[in-house]
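What follows is one structure encoded as structure tokens, with my remarks underneath.
No hydrogens, no waters, no symmetry mates; every other heavy atom, side chains included, goes into these values. As the structure lists them, so they are numbered: ligands from 1, and atoms in each ligand from 1.
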Amino acid sequence: MRILFIGDVVGNMGVEMITSKLASIKQEYRPQVTIVNGENSTAMGRGITENIFKTMMRSGVDVVTLGNHAWNNEDIYNFIDDTPKLVRPANYPGKVVPGHGYTIINVNGKKLAVINIQGRVFMDNIDDPFSQLDQLVTDLTDQVDAIFVDCHAEATSEKLALALYLDGRISALVGTHTHVQTNDGRILPNGTAFLSDVGMTGPIDGVLGMKSDTVIERFLNARPVRYSVVDSGNAILSGCVIDIDDKNGRARKIKNIIVKKDDLLGM
Ligand SMILES: [Fe+2]
């Protein structure tokens with residue numbers, strides 16, 4: 001099976017890249033399943049709305065994953081329980097966590113589990129992603145043919161360590177959250193595809209999607225500043241395409257993709 005994974009959709013411009021570009025990207029790469037990280041997709045760049053989720057699904061997305069901003073749009077509590085194809089990090093603590101930490105979908109007669117897990121290095125101290133992912137994979141492995149993990153984390157070391165810890169037991173682990181696409185995509189020794197970060201989808205004339213003057217002000221003054229999302233100019237869509245052998249669930253290939261909004265970027 002071929003998976004298209006698209007990284008962190010930021011604000012209105014990010015959503016617009018999905019609605020305007022996904023059809024042609026799918027025509028070019030012919031994925032059988034499309035997964036998008038949508039945790040920054042509101043106009044404010046934090047969380048997701050039900051409307052945006054539905055817009056993404058209408059545009060050809062099969063599963064939307066989240067991350068540390070999953071809860072920032074409070075409206076999420078009104079629909080996440082009834083939306084199994086919207087997957088929040090599986091390792092939030094508490095007896096009852098709203099929503100779903102994974103989903104299982106049918107892809108050409110095969111079953112694919114999509115898991116969202118969140119790192120702890122330089123992030124909130126939630127439950128241990130290593131033991132949580134280990135347990136989830138143990139539980140799911142007999143039920144599915146392939147397992148894809150969106151690892152929402154800050155530190156490349158944590159993402160790579162998690163991928164190596166599960167190498168051979170999951171088909172792919174791809175990082176999100178840092179919004180910069182890395183160039184280290186590879187197949188690990190036991191058959192798991194790995195990429196430290198898939199990169200962001202949305203405006204690039206700012207700092208990771210946010211207006212640069214506010215971000216610079218915070219670095220200069222070390223005082224809290226309200227960030228706002230860039231809403232005009234150039235944009236990119238960052239993703240990767242992963243080929244998985246349906247017979248054994250092992251990855252064969254992982255390839256980065258970058259699609260530009262227009263030809264003005266000089267990239
Ligand atoms: Fe994030």
Side-chain angles (χ1 to χ4, degrees), residues 5-15 17-18 35-49 52-53 56 61 63-77 80 86-93 97-102 114-129 132-133 148-163 173-182 194-204 206-212 214-215 218 224-230 235-240:
F5 181 50
I6 295 173
D8 312 31
V9 173
V10 180
N12 294 337
M13 290 180 72
V15 176
M17 286 299 285
I18 298 292
I35 304 163
V36 172
N37 184 294
E39 74 131 16
N40 301 123
S41 58
T42 64
M44 305 295 290
R46 287 163 169 256
I48 189 168
T49 66
I52 292 171
F53 172 79
M56 287 185 182
V61 175
V63 176
V64 175
T65 53
L66 295 168
N68 56 309
H69 291 304
W71 318 106
N72 280 104
N73 170 35
E74 283 181 19
D75 186 42
I76 195 157
Y77 292 103
I80 194 168
L86 179 63
V87 183
R88 47 91 180 143
N91 54 325
Y92 267 83
V97 184
H100 313 268
Y102 70 91
V114 178
I115 301 174
N116 192 199
I117 201 86
Q118 188 172 311
R120 295 192 296 185
V121 177
F122 310 126
M123 298 184 86
D124 287 341
N125 190 24
I126 60 174
D127 284 348
D128 172 19
Q132 286 279 338
L133 194 54
F148 173 87
V149 178
D150 168 357
C151 180
H152 199 77
E154 183 77 40
T156 47
S157 60
E158 192 177 25
K159 297 187 232 194
L160 179 53
L162 265 164
L173 183 145
V174 178
T176 54
H177 180 67
T178 61
H179 289 202
V180 178
Q181 188 176 85
T182 58
F194 173 72
L195 178 65
S196 287
D197 207 289
V198 68
M200 65 166 269
T201 295
I204 61 158
V207 178
L208 312 181
M210 299 294 152
K211 286 181 181 165
S212 55
T214 56
V215 180
R218 182 152 149 193
V225 178
R226 189 179 292 268
Y227 291 165
S228 56
V229 176
V230 177
I236 55 168
L237 180 150
S238 305
C240 66

### Message
Is any side-chain heavy atom of L66 closer than 4.5 Å to one of I76?
### Response
yes
### Message
Tell me every residue that passes salt bridge (Lys or Arg N to Asp or Glu O under 4.0 Å) with R120, counting only those two or more places apart in sequence or in another chain.
### Response
D128
### Partners passing side chain to side chain contact (heavy atoms under 4.5 Å, CB included) against H100 (at least two apart in sequence or in another chain)
P84
### Summary
Within the 2.8 Å cut-off the protein N, O or S neighbours of the Fe ion (ligand 1) are E39 OE2, N68 OD1, H152 NE2, H177 ND1
### Query
Which of parallel (below 30°), tilted (30 to 60°) and perpendicular (above 60°) describes W71 and Y77?
parallel
### Listed partners of F53 passing ring-ring contact (aromatic ring centres under 6.0 Å, His included), at least two apart
none
### Query
More than 12 heavy atoms of other residues, nucleotides or ligands under 6.0 Å from CE of M123: is that the case?
yes
